[in-house]
Protein chains: 2
Amino acid sequence: MPLGRRRPERADAARNREQLLAAARAMTAELGADKVTMDGLAERAHLGKGTVYRRFGTRAGIFHALLDDDEHAFQEQVLTGPPPLGPGAGPVERLIAYGRARTEFLAAHYVIARAALDRTRPVPAGEGTGFTRAHIRMLLGQAGLAATDLDSLTVQLTGALEAPLLILLSPPGQAPDPTPLADSWQTLIERICRD
Amino acid sequence: MPLGRRRPERADAARNREQLLAAARAMTAELGADKVTMDGLAERAHLGKGTVYRRFGTRAGIFHALLDDDEHAFQEQVLTGPPPLGPGAGPVERLIAYGRARTEFLAAHYVIARAALDRTRPVPAGEGTGFTRAHIRMLLGQAGLAATDLDSLTVQLTGALEAPLLILLSPPGQAPDPTPLADSWQTLIERICRD
DNA sequence: AATACAACCGGGGTAAAGTCCGTTTTAGCT
DNA sequence: AGCTAAAACGGACTTTACCCCGGTTGTATT
């Protein structure tokens, strides 16, 4: 079955990836995210360190991979799910729904989402925020705000939505209550978009 | 001159701190912030690594210290300078002025401000944002927004103001143009605060 | 089935952050 | 001036992310 262009994943590689993800999940649950080391993960999965690195590229990549399934499902809901989160509602309504959903998503995945931030690499700073940024930009465009620099506004709203949970609210142990932030996001958007 | 409660800084400590700051500034200028290592800095300043750590505590602390003078001057302008940045103007006007000044400050100190973010410690995530947060909170309170959760709104606006320059806009080499962000901040605030 | 080649595996190696603790220097006090 | 406690010093040590490369295994082709 040589379909597509990319060679399918090798059987041993797939097996190892499962082992690594399972081990990572278990270690995160047992010891906390910051106790998950490359060496420890490799040993626990009965694999070499080099294998871990090839799979995930970087320490943050582990948590990125752990997040991946849920993140996919989340984006799916936004792109093709029922309104108001999915298409079919007005842009302002969708912006509000997106902020609420994203806030709850980040709070629900608090530990892993924070660990998925790459804290050592210089370049890929705003990694997971690409989708949020693109989506906000699109909806702002549809909302038809008069004479505004939508690109800058998009960046700022992305910061307003993601920074509190990812950066600003410190306690790394437990997630903050997302409800006040989600409500506040709603008033923020309503006030910005009314004319 | 044993005034106050704290013992004054010892002469050798003061001398060494000057050496370290000078070396850090030079290395940052010559090699870039990410090439400044604790070992390299210690060697360049002809001091031991332990000394570097006692002074700055952490790698980010180096850049925090480098920023300190300017940061102080900035806060001074906000607290006691002329309006609209300083006291004397209306809260909305001051919010706008603060955002503009802060954006320009962050852009002017782009490399160092980003390097001052501690990317490894779990706790002190939003370190430099404390002043911004407190100031925004105060002005929002004065602005008298009707029935709003001002604490959550403050956190989000802090994210909107600082995250773009510190996190979201990636290229670590050069600062982005602060003007569009400052303008966008103004419309953001104006739209939020009108009633 | 045999072969070639690409992908994968493993573990030892490097660099840099952060810690520790015995030694040295300083400043106030007598 | 001499004493002493506190502060500063320095460099060896530990930990951990990330790199490298020779050997091995899986997959496509003949």
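Note that these values count all heavy atoms, side chains included, but never hydrogens, waters or copies made by symmetry. Letters A, B, ... are given to chains in the order of the sequence lines, protein chains preceding strands, and every chain is numbered from 1.
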A.B. asks: Between dT27(D), dC8(C), dG13(C), which one does the side chain of Lys49(A) approach most closely?
C.D. replies: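 Out of dT27(D), dC8(C), dG13(C), the nucleotide with an atom closest to Lys49(A)'s side chain is dG13(C).
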A.B. asks: Using whole Å, report how far CE of Met27(A) lies from C1' of dT16(D).
C.D. replies: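 In whole Å, dT16(D) C1' lies 12 Å from Met27(A) CE.
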A.B. asks: Do Ile192(A) and Ile192(B) touch side chain to side chain, with heavy atoms closer than 4.5 Å?
C.D. replies: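 Of all side-chain heavy-atom pairs linking Ile192(B) with Ile192(A), at least one is under 4.5 Å.
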A.B. asks: Picking from dA17(D), dA8(D), dC9(C), which would you name as closest to the side chain of Thr51(A)?
C.D. replies: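 Within the option list, the nearest is dC9(C).
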A.B. asks: Quickly work out the Ile62(B) CD1 to dA17(C) C1' distance and round it to whole Å.
C.D. replies: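 Atom-to-atom, Ile62(B) to dA17(C), this comes out as 10 Å.
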A.B. asks: For the residue pair Tyr98(B) and His135(B), does the interplanar ring angle fall in the parallel (under 30°), tilted (30 to 60°) or perpendicular (over 60°) class?
C.D. replies: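 Tyr98(B) vs His135(B) ring planes: tilted.
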A.B. asks: State which of dA17(D), dA8(D), dA16(C) makes the closest approach to the side chain of Arg55(B).
C.D. replies: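 Of all the options, the side chain of Arg55(B) is nearest to dA8(D).
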A.B. asks: Tell me if a side-chain donor or acceptor on Trp185(B) pairs with a main-chain N or O of Ala97(B) at a distance below 3.5 Å.
C.D. replies: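 Here the side-chain-to-backbone pair does not exist.
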A.B. asks: Separation of Asn16(A) atom CG from dC8(C) atom P, in whole Å?
C.D. replies: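 After rounding, the reported distance stands at 10 Å.
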A.B. asks: Toward the 5' end of DNA chain C, which comes first, Ala11(B) or Arg54(B), by nearest nucleotide?
C.D. replies: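 Comparing both residues, the 5'-ward one is Arg54(B).
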A.B. asks: What is the distance, to the nearest angstrom, from the CD atom on Glu43(B) to the P atom on dG11(D)?
C.D. replies: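 So the two atoms are 11 Å apart, to the nearest Å.
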A.B. asks: So what does Thr37(B) touch, heavy atoms closer than 4.0 Å: a base, only the sugar-phosphate, or nothing?
C.D. replies: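 Since only primed, P, OP1 and OP2 atoms lie under 4.0 Å of Thr37(B), the category is sugar-phosphate.
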A.B. asks: Look at all strands and tell whether Ala42(A) reaches a base, only sugar-phosphate, or nothing, counting heavy atoms closer than 4.0 Å.
C.D. replies: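 No contact at all - Ala42(A) keeps every heavy atom at 4.0 Å or more from the nucleic acid.
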A.B. asks: Do the side chain of Arg94(B) and the main chain of Gly86(B) share a donor and acceptor less than 3.5 angstrom apart?
C.D. replies: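 Yes, the answer is positive, given that a donor and an acceptor are paired below the 3.5 Å cut-off.
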A.B. asks: Suppose we call two aromatic rings close when their centres sit under 6.0 Å apart. Are Phe105(A) and Tyr110(A) close by that rule?
C.D. replies: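 No, the ring centres sit 6.0 Å or more apart.
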A.B. asks: What about Arg10(A), does its side chain sit under 3.5 Å from the base of dT27(D) through a donor-acceptor pair?
C.D. replies: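 It does not, because no donor-acceptor pair links the side chain of Arg10(A) to the base of dT27(D) below 3.5 Å.
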A.B. asks: Figure out the CZ/C1' separation between Phe56(B) and dA8(D), and round it to whole Å.
C.D. replies: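 In whole Å, dA8(D) C1' and Phe56(B) CZ are 14 Å from each other.
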A.B. asks: Send over the distance from Asp39(B) CG to dT19(C) P, rounded to a whole Å.
C.D. replies: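 Rounded to the whole Å, the gap is 14 Å.
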A.B. asks: With respect to the phosphate group of dA17(D), does any side-chain polar atom (N or O) of Arg59(A) fall under 4.0 Å of OP1 or OP2?
C.D. replies: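 Yes, because at least one side-chain N or O of Arg59(A) sits under 4.0 Å from OP1 or OP2 of dA17(D).
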A.B. asks: For Tyr53(B) and dC13(D), give me the distance from atom OH to atom P, rounded to whole Å.
C.D. replies: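 My rounded result for the distance is 17 Å.
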A.B. asks: For dG18(C), does either OP1 or OP2 sit under 4.0 Å from a side-chain N or O belonging to Thr58(B)?
C.D. replies: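 Yes, such a contact exists.
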A.B. asks: When you match Gly50(A) and Lys35(A) each to their closest nucleotide on DNA chain D, which lands nearer the 5' end?
C.D. replies: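 Between the two, 5'-proximity favours Lys35(A).
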A.B. asks: When the distance from CG of Leu20(A) to C1' of dC8(C) is rounded to whole Å, what number comes out?
C.D. replies: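 Going from Leu20(A) (CG) to dC8(C) (C1'), I get 13 Å.
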